[in-house]
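Keep in mind it's a predicted model, so treat the numbers as computed, not measured.
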Amino acid sequence: MTMMDYRVMEGLVLSIWYVYILECVDGTLYTGIAKDVASRVKQHNHGKGAKYTRGRIPVQLVYQEAVECHGDALRREMQIKRKGLLYKQGLIREAGL
């Protein structure tokens, strides 16, 4: 892990987590969290990721955002999932990955 993966805040070192969205081969979108998104995408594409993506490979990273801790990542993931497809598509469009 590089120093970029950490943020020092009030004497505490927090590791950075990422919320990401993948586009599956069937056009569906999958939202997840990881500390190392590139590695996680490779896991998905090798059939070792989430159950949802195993039958929908290859997947492509279309969105990611950094958050300060695991709890924040879980909350943001759920927020994105609850808002639905149009919200996800808007995030993707704005990110322009």
Checklist entry - Are Val25 and Val59 in one and the same hydrophobic cluster, where Ile, Leu, Val, Met, Phe, Trp and Tyr link if side-chain heavy atoms are under 4.5 Å apart? => result no

Checklist outcome for this item: In short, ring pair (Phe, Tyr, Trp, His ring centres under 6.0 Å) pairs touching residues 64-87 with sequence neighbours left out are Trp17-His70

Next on the checklist: Please report the interatomic distance CD(Gln79) to OG1(Thr31), rounded to the nearest 0.5 Å.
Outcome noted: 11.5 Å

Checklist entry - Considering all heavy atoms of both residues, which atom of Ile92 and which atom of Ile21 are nearest to each other, and what is their separation? => result CD1-CG2, 4.1 Å

Next on the checklist: The criterion is side-chain contact (heavy atoms from CB on, under 4.5 Å); which residues satisfy it with Leu85, sequence neighbours excluded?
Outcome noted: Leu29, Gln89

Item to check | Results of side-chain contact (heavy atoms from CB on, under 4.5 Å) for Asp72 - residues two or more places apart only | outcome: Val67, Glu68, Cys69, Arg75

Item to check | Distance in Å, Glu23 CD paired with Gln60 CD, rounded so as to fall on 0.5 Å steps | outcome: 6.5 Å

Checklist entry - Which pair of heavy atoms, one from Ile16 and one from Ala66, lies closest together, and at what distance? => result CG2-CB, 3.8 Å

Checklist entry - With sequence neighbours left out, what residues match Lys42 under side-chain hydrogen bond (donor to acceptor under 3.5 Å, both in side chains)? => result none

Checklist entry - Ile80 and Leu74: same hydrophobic cluster, using ILVMFWY side-chain contacts below 4.5 Å? => result yes

Next on the checklist: Test side-chain contact (heavy atoms from CB on, under 4.5 Å) on His44 and Tyr30; report intermediate values, then the result.
Outcome noted: CA-CA 11 Å; His44 283 290; Tyr30 171 82; 3.6 Å; yes

Next on the checklist: Within this structure, what is the CD1-OH distance for the pair Ile33 and Tyr18, rounded to the nearest 0.5 Å?
Outcome noted: 13.0 Å

Next on the checklist: Considering only residues two or more places apart or on different chains, which pairs with a residue in residues 53-65 satisfy salt bridge (Lys or Arg N to Asp or Glu O under 4.0 Å)?
Outcome noted: Asp26-Arg56, Glu65-Arg76

Checklist entry - What are the two closest non-hydrogen atoms of Thr53 and Cys24, and how far apart are they? => result CG2-SG, 4.2 Å

Checklist entry - Who pairs with Lys81 by salt bridge (charged side-chain N to carboxylate O under 4.0 Å, His left out), at least two apart in sequence or on another chain? => result Glu77

